[in-house]
Amino acid sequence: MEVNLFYGIIFFMERYEPLKIEQKWQKKWEEEEAFKATEVAGQPKMMLAEMFPYPSGAGLHVGHVRNFTIVDVLTRFYRQQGVNVMRPFGYDTFGLPAENYAIKTGTAPQEVTKTNIDNFRKQAKSLGYAIDWSREINTSDPEYYKWTQWCFLQLFKKGLAYQKESYQWWCPVDQTVLANEQVENGCCWRCGHEVEKKKMKQWFFKITEYADELLDEIDNLEWPEKIKTMQKNWIGRSVGAEIDFKIHNSRSIRVFTTRPDTILGATFLVVAPEYTDLEYIISDGAKEAVLAYKAEALKKSEIERQENKEKTGVFTGSYAVNPATKEKIPIYVADYVLAGYGTGAIMAVPAYDERDREFAEKFNLPIIEAGLIDRDLYGAPKVTYRMRDWLISRQRYWGCPIPIAYDKEGNPHAIPEDQLPVVLPEIKDYKPDKSGRSALAKAKDWLKVQISVKDSKTGKTHMEEMTRETDTLDGYACSSWYLWRYASPRDTKNAWDKEAINYWEPLDYYCGGDHAVAHLLYIRFWCKFFADEGYLPFREPIKRLLYNGYINAPDGKKMSKSKGNVIDPLDVINDGYGADTLRTYEMFIGPYDMDAAWDTRSVGGVYRFLNRCYNLEPKKDSSDDAIVMRHKTIKKVTEDIHRYNFNTAVAALMEYVNELYKVGALKEDLVALSKLLKPFAPHLASEMLEKLNSDDEWPKWDEKYLVADVVELVVQVNGKLRAKIEVNADDLEDEEKILEMVKSDDKVKKYTEKGIKKTIFIKKNHLVNIVV
RNA sequence: GCCCGAGUGGCGGAAUUGGUAUACGCGUUCGACUUAAAAUCGAAUGGAAACUUCCAUAUGGGUUCAAGUCCCAUCUCGGGCACCA
């Protein structure tokens, strides 16, 4: 303990010991359930959430801390302003990592998940987040996924969950199909292996039903432009027409085109190798060549198709008639036409389309510069989307069971709602196999289920034994409604309570650094569906989205175990810096939405700053400068947090503390500082406020302190800074007087000897520019 | 290839509406305290000059009294999409 002599009084200066302070306050907050949120009529409310984490065995990483701290700063900021804030927390637990771990070690995913959640919760608590822990949810909890299944059934009832046999992305390593959104550069998003195409009967959600609304409402969202553009591109609306090209009397090929006005130049047709009616088009002589080409195309991986953009294709031996020119034009099969887009067939207009021209040149097909005609002359108007329906079945064990059973004829039936949840059975062997079915297919007892069926003739119901669906749901289905579960997380009668939803939601702030397209599109889709069904009173679930950047390793590269450059946030805390330093550092590291590189030495700088806050001592008097500084800082920090400029808010607090060390701090300064600091460093600030015997109500600034009596007049000559003159603020109203003062200044005179051409006076910047 | 972002000291970054470029932090240097070191505190810190100037916001032009900020072109980096008819 250090002894300080000061104004004749002896102060005992305590060392800032973050770990001691933090434990004290975390315990207090836990005991008091300090952040429990309840609906209070008449009080302004706010709900904030981060994208809930997947609790991996590695625990919290610095990216989580950045993400969660942004939410926490806003949570505490608004709480301190008297807003009724709800900040829940949950875990996205179904998925491959836990299952793969189970396969490797024999430990049940249920068990792994429980361990990981316990660890995650402990770590999140050690960071002092203002979380309402009574609202904790976990997607693999039967109490939760019962309602995921209920959601599925609502979609099923309305025909928006349906089965379709088609070519799908298949990951040969993870042995499951994947959604379009889960294939990155032709590779599986989880294991990175090249995906293949496989023809399978699969479950889909009909997201395309809402394509127009999903696209049109993007512009009204307070979301980053980057994300909005990505979603627009992903949906990819094209306005055009469908036109039939006759082959012979009984059959024609329907094509989609955005340029029906170029039909005069359509000199051939092209269909995709996977084109459904391909067999009816091929002439007998071409059969062998076409089928060989198709087999070759299906074998090619997406990467191979992309790498070699040289056009390939084969003539089908058949012709169709161009309805505009009445010319007989050849039909080709080529893999540059995609089966899943439009009709899977195009009219090729080599004169106007670069890809068609390449193909025409290679196969010596005519290129006709015909004129353009009216867009509406042929075919019917048609809108097509790049976005496909969302493939939701997965041939894996560790997911939410699809609540469907099949009768003897193989027709799907909904599991009745009173039989939910369909509990995922505990089995020993989780391993998927080549059968295309999940490990659940091996749970013989579980597979059989009695379903009541209404006889269509007699109208009577009877029980019938059926076989359960063995596919599980894509994890993204579980996270497509969790924000609404937060409103009434223990509700046993409903997925969410309407009144609670009405009070808390839509979500005011959502923060995350991933899932720009998939999750953020799916949750908007479900919101619109449940709004249509009368379960939600809004059509967009998220008002504001904050998309935070990544934190990279000190070398600027992505942190990864294999590179050995991972910074563990718990190490930073336990090294003695504490959670407050970690939180404040991650807010100070740079603009929240930009990637940043970790700098261990800068962490020390933030720690020094907090130390200086803690050791500031109150004086009896202070200068006017300090009062001005206090009000300036209150304004700056308040406005910066409103703008999410957390880094400059911290910088402003640092400036304030530097100034207080120079001119002395009044008790009012320490109170203001502690309150402003609390969102960033809540433990330290709480400790300081307790010592000062103060509440934490957010301070207000008074503009009157920010209006200076004397201002520095900036004088430029030809745009270059030449002098600074102190003038009374009142004089700024008198331009003539100001110009006289400027012209008579000795320093300025030196530059204006040749004569003044022009003067410009900008009052708001107290600046004069003299042109000579 | 197409569509978005971004480029500022040795480093991370400020500059919010076109108006004083480099706030704040790190690092470095010097000083105080100490037998010494650490910690802490204080001072300096864009580059050239050398006592009042010049040059600096990726590069080259332009608009303007005034440009990091606006316009045009080029280069580099990051992200997204990628044969979507």
Side-chain angles (χ1 to χ4, degrees), chain A residues 2 13 15 184-186 224-234 236-238 240 255-259 262 270 302 305-306 308-311 334-338 340-349 352-356 358-359 384-388 516-517 549 554 556 585 588-591 593-606 608-609 611-612 615 636 639-640 643 645 647-658 661-662 712-724 747 750 757-762 764-772:
Chain A
E2 209 175 314
M13 207 165 118
R15 234 186 48 184
E184 292 167 354
N185 295 321
E225 286 305 318
K226 189 175 95 179
I227 309 298
K228 298 209 289 193
T229 307
M230 281 168 73
Q231 294 214 348
K232 282 182 195 171
N233 292 343
W234 187 263
R237 178 160 65 192
S238 294
V255 304
F256 171 74
T257 178
T258 52
R259 296 292 307 274
T262 65
V270 188
E302 188 66 1
R305 277 202 192 186
Q306 277 169 24
N308 188 6
K309 287 203 173 161
E310 174 94 5
K311 295 281 172 293
D335 66 1
Y336 82 93
V337 173
L338 308 173
Y341 184 76
T343 60
I346 63 160
M347 66 176 205
V349 187
Y352 293 96
D353 187 284
E354 204 182 313
R355 295 151 303 180
D356 295 345
E358 273 174 47
F359 193 86
T384 300
Y385 304 89
R386 192 189 157 286
M387 179 174 69
R388 315 285 207 271
V517 175
Y585 169 67
F588 184 62
I589 196 167
D593 56 350
M594 301 256 281
D595 291 354
W598 187 269
D599 181 4
T600 301
R601 288 187 298 203
S602 289
V603 178
V606 172
R608 274 193 283 281
F609 159 65
N611 209 346
R612 279 161 68 79
N615 284 310
K636 171 85 176 147
E639 292 182 348
D640 272 354
R643 286 187 294 251
N645 292 344
N647 56 331
T648 52
V650 175
L653 290 170
M654 288 171 167
E655 276 186 83
Y656 184 31
V657 170
N658 290 345
Y661 267 93
K662 275 191 199 122
E712 200 172 56
L713 185 72
V714 175
V715 185
Q716 297 180 332
V717 178
N718 285 344
K720 281 186 180 159
L721 175 69
R722 293 301 184 192
K724 289 179 179 179
K747 243 182 158 182
K750 256 174 57 186
K757 282 187 192 148
K758 194 175 165 187
T759 51
I760 291 119
F761 173 53
I762 310 292
K764 89 178 147 99
N765 300 99
H766 35 93
L767 175 145
V768 172
N769 190 15
I770 301 170
V771 187
V772 295

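All chains are named by letter (A, B, ...) in the order of the sequence lines, taking the proteins before the strands, and each is independently numbered beginning at 1.
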Rounded to the nearest Å, what distance is computed from the [atom1] atom of residue [X] to the [atom2] atom of nucleotide [N]?
X      : N     : atom1 : atom2 : value
A:Y585 : B:G12 : OH    : C1'   : 8 Å
A:K764 : B:G19 : NZ    : P     : 6 Å
A:F609 : B:G12 : CZ    : P     : 22 Å
A:L767 : B:A67 : CG    : P     : 12 Å
A:N765 : B:U69 : CG    : C1'   : 14 Å
A:Y385 : B:A85 : OH    : P     : 13 Å
A:K226 : B:G80 : NZ    : P     : 8 Å
A:I762 : B:U64 : CD1   : P     : 16 Å

Kindly say whether [Y] contributes a backbone atom to a donor-acceptor pair with the side chain of [X] at under 3.5 angstrom?
X      : Y      : result
A:Y585 : A:W598 : no
A:Q231 : A:A516 : yes
A:N718 : A:V772 : yes

Quiz prompt | Pairing annotation in dot-bracket form, given for RNA chain B with Watson-Crick or G-U pairs under 3.5 Å and | for cross-strand partners | solution = (((((((..(((......[....)))((((((.......))))))(((....)))..(((((..]....))))))))))))....

Side chain to side chain, [X] and [Y], heavy atoms closer than 4.5 Å:
X      : Y      : answer
A:M654 : A:F588 : yes
A:N765 : A:V714 : no
A:I760 : A:V771 : yes

Between [N] and [X], is there an OP1 or OP2 to side-chain N/O distance shorter than 4.0 Å?
X      : N     : answer
A:T648 : B:U16 : no
A:Y341 : B:A85 : yes
A:K720 : B:C55 : yes
A:K750 : B:U53 : yes

Roughly how far apart, to the nearest Å, are [N] and [M] at atom [atom1]?
N     : M     : atom1 : value
B:G31 : B:A38 : P     : 13 Å
B:U35 : B:A43 : P     : 25 Å
B:A14 : B:G9  : C1'   : 13 Å
B:G1  : B:C83 : C1'   : 11 Å

Quiz prompt | Selected nucleotide, minimal atom distance to A:V771 side chain, candidates B:U20, B:G80, B:C65 | solution = B:C65

Quiz prompt | Among B:G25, B:A85, B:C65, the nucleotide that comes nearest once only the side chain of A:N769 is considered | solution = B:C65

Quiz item: For A:P591 and A:I346, take the nucleotide of RNA chain B holding the closest heavy atom to each; which residue's nucleotide lies nearer the 5' end?
Solution: A:P591

Quiz prompt | Residue mapping more 5' on RNA chain B - nearest nucleotide basis, A:R386 or A:N645 | solution = A:N645

Quiz item: Nearest 0.5 Å, what's the CD1-OH distance between A:I346 and A:Y341?
Solution: 11.5 Å

What are the atom names and distances for every N/O pair under 3.5 Å that joins the protein to nucleotides 40-46 of chain B?
| from | atom 1 | to | atom 2 | distance (Å) |
| --- | --- | --- | --- | --- |
| B:C41 | OP1 | A:R612 | NH1 | 3.1 |

Self-check item: Cation-pi check, A:K311 onto A:F359 ring (under 6.0 Å, within 45° of axis)
Solution: no

Quiz item: Base, sugar-phosphate alone, or nothing: which one does A:L653 contact when heavy atoms must sit under 4.0 Å apart?
Solution: nothing

